[in-house]
Participant: 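I'd like to ask some things about the structure below.
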Amino acid sequence: MRKIYESLLGVVESGQHPREVGMAVFLGTLAGFVSGWNLTLVVVLVLALMLAGPLRIFFQTWGLAATLAWMVTPATYRLGVQLLEHSSFGEFLDPHAYSAWVALFDLDRFTLVGGACLGLLLGVLAGGLAAWTTRWLQHRYLALVDRFASHEDRLYRFTIRTACWLVFGSLSRPQPARAKARTFRMAGVAFCLLIL
């Protein structure tokens, strides 16, 4: 839990754009619900490397989401049964049931299909909440530091400085969030092209 707390504070101090944090949380949640030896997870991992979200947040969210997916396996199994046997998605996959691509992407496994559907839904919600929380924390922290810099009373300044040190572990001035979010991580794009 301490690592997640440090990651959150690092995002607040480093000025990560909230959209980048939301994307990392979304992809981490999706990766947690499609975990297994399949190409579906590989596609999510490639997207996480290419898109410019903080990888530390992605991996921590992946671990939490995989634990949650393991806990709700009966629900994802039932959802997968409904999707593959009683919906138009199942009818679409039925002629291709024995193709290599369905097997490689593991689209014939009930828990993966149900988990992907549930992971998409939870990922959108968690990613939006993470982006909003990041934006709110960045504004609050910058306001706190500006108040600290502009105040004349020494006791007041000492109190704020001590509170910042206890909560954030440092007294450095945070960076404001970038005005424009990065979309791609160039090193990640080059690495993925090399892998492909």
Participant: Taking atom OG1 of Thr134 and atom NE2 of His139, what is their separation to the nearest 0.5 Å?
Facilitator: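 Interatomic distance, Thr134 OG1 to His139 NE2, rounded to 0.5 Å: 11.0 Å.
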
Participant: If I compare all heavy atoms of Pro54 with all of Glu20, which pair ends up nearest, and what's the gap?
Facilitator: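 Looks like CD-O, 3.6 Å.
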
Participant: Same hydrophobic cluster for Leu118 and Val43, using side-chain heavy-atom links shorter than 4.5 Å among ILVMFWY?
Facilitator: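 Yes.
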
Participant: So, taking the atom named CG in Leu30 and the one named SG in Cys117, what distance separates them when rounded to the nearest 0.5 Å?
Facilitator: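 Spacing of CG (Leu30) from SG (Cys117) equals 10.5 Å.
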
Participant: Using a 4.5 Å cut-off on heavy atoms from C-beta on, say whether the side chain of Leu47 contacts that of Phe26.
Facilitator: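 In short, these two side chains do not touch, never coming nearer than 4.5 Å.
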
Participant: Assess whether side-chain contact (heavy atoms from CB on, under 4.5 Å) is satisfied between Phe110 and Glu85, documenting all intermediate values.
Facilitator: CA-CA 10 Å; Phe110 294 132; Glu85 293 186 355; 3.5 Å; yes

Participant: Hey, are the side chains of Trp37 and Leu104 touching, using non-hydrogen atoms and a 4.5 Å cut-off?
Facilitator: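 In short, these two side chains do not touch, never coming nearer than 4.5 Å.
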
Participant: Determine whether Leu68 and Leu122 satisfy the following criterion, side-chain contact (heavy atoms from CB on, under 4.5 Å), listing intermediate values before the conclusion.
Facilitator: CA-CA 11 Å; Leu68 178 63; Leu122 289 177; 4.2 Å; yes

Participant: Under the side-chain contact (heavy atoms from CB on, under 4.5 Å) criterion, do His17 and Val21 qualify, and how do the steps go?
Facilitator: CA-CA 7 Å; His17 196 280; Val21 176; over 6 Å; no

Participant: Phe33 and side chain to side chain contact (heavy atoms under 4.5 Å, CB included): which partner among Leu120, Val44, Thr111, Val72?
Facilitator: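 Result for side chain to side chain contact (heavy atoms under 4.5 Å, CB included) with Phe33: Val72.
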
Participant: Check each of Val102, Asn38, Leu39 against Leu107 using the side chain to side chain contact (heavy atoms under 4.5 Å, CB included) test, and report the only one that passes.
Facilitator: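 Among Val102, Asn38, Leu39, the one that satisfies the side chain to side chain contact (heavy atoms under 4.5 Å, CB included) with Leu107 is Val102.
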
Participant: Of the options Val81, Leu83, Thr76, which is the one that meets Val113 in a side chain to side chain contact (heavy atoms under 4.5 Å, CB included)?
Facilitator: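 It is Leu83, the one option of Val81, Leu83, Thr76 that forms the side chain to side chain contact (heavy atoms under 4.5 Å, CB included) with Val113.
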
Participant: For the CG atom of Leu84 and the CD atom of Glu91, what is their distance to the nearest 0.5 Å?
Facilitator: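 Taking CG in Leu84 and CD in Glu91, the distance rounds to 11.5 Å.
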
Participant: I want to check something: taking the side chain as every heavy atom from C-beta on, are Trp62 and Leu41 in contact at a cut-off of under 4.5 Å?
Facilitator: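 When only atoms from C-beta onward are counted, Leu41 and Trp62 do touch, with a gap below 4.5 Å.
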
Participant: Which atom pair, heavy atoms only, marks the closest approach of Ala69 to Gly32?
Facilitator: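 Distance-wise, the nearest heavy atoms are CB-O, 3.6 Å.
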
Participant: Which residue is it: Ile57, Leu55, Thr61? I am looking for the one with a side chain to side chain contact (heavy atoms under 4.5 Å, CB included) to Phe59.
Facilitator: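 Going through the options one by one, the only one that passes is Leu55.
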
Participant: Going from CZ on Phe58 to CG on Leu49, what distance comes out if it is rounded to the nearest 0.5 angstrom?
Facilitator: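 Rounded to the nearest 0.5 Å, the CZ-CG separation comes out at 7.5 Å.
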
Participant: In Å, rounded to the nearest 0.5 Å, how long is the span from CH2 of Trp101 to OG of Ser99?
Facilitator: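 The distance works out to 9.5 Å.
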
Participant: Establish whether Leu125 and Leu64 are linked, either directly or via other cluster members, by ILVMFWY side-chain heavy-atom contacts under 4.5 Å.
Facilitator: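 As far as the 4.5 Å side-chain criterion goes, Leu64 and Leu125 are not connected within one cluster.
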
Participant: Apply side chain to side chain donor-acceptor pair (under 3.5 Å) to residues Trp70 and Ser35 and explain how you reach the verdict.
Facilitator: CA-CA 10 Å; Trp70 177 73; Ser35 290; over 6 Å; no

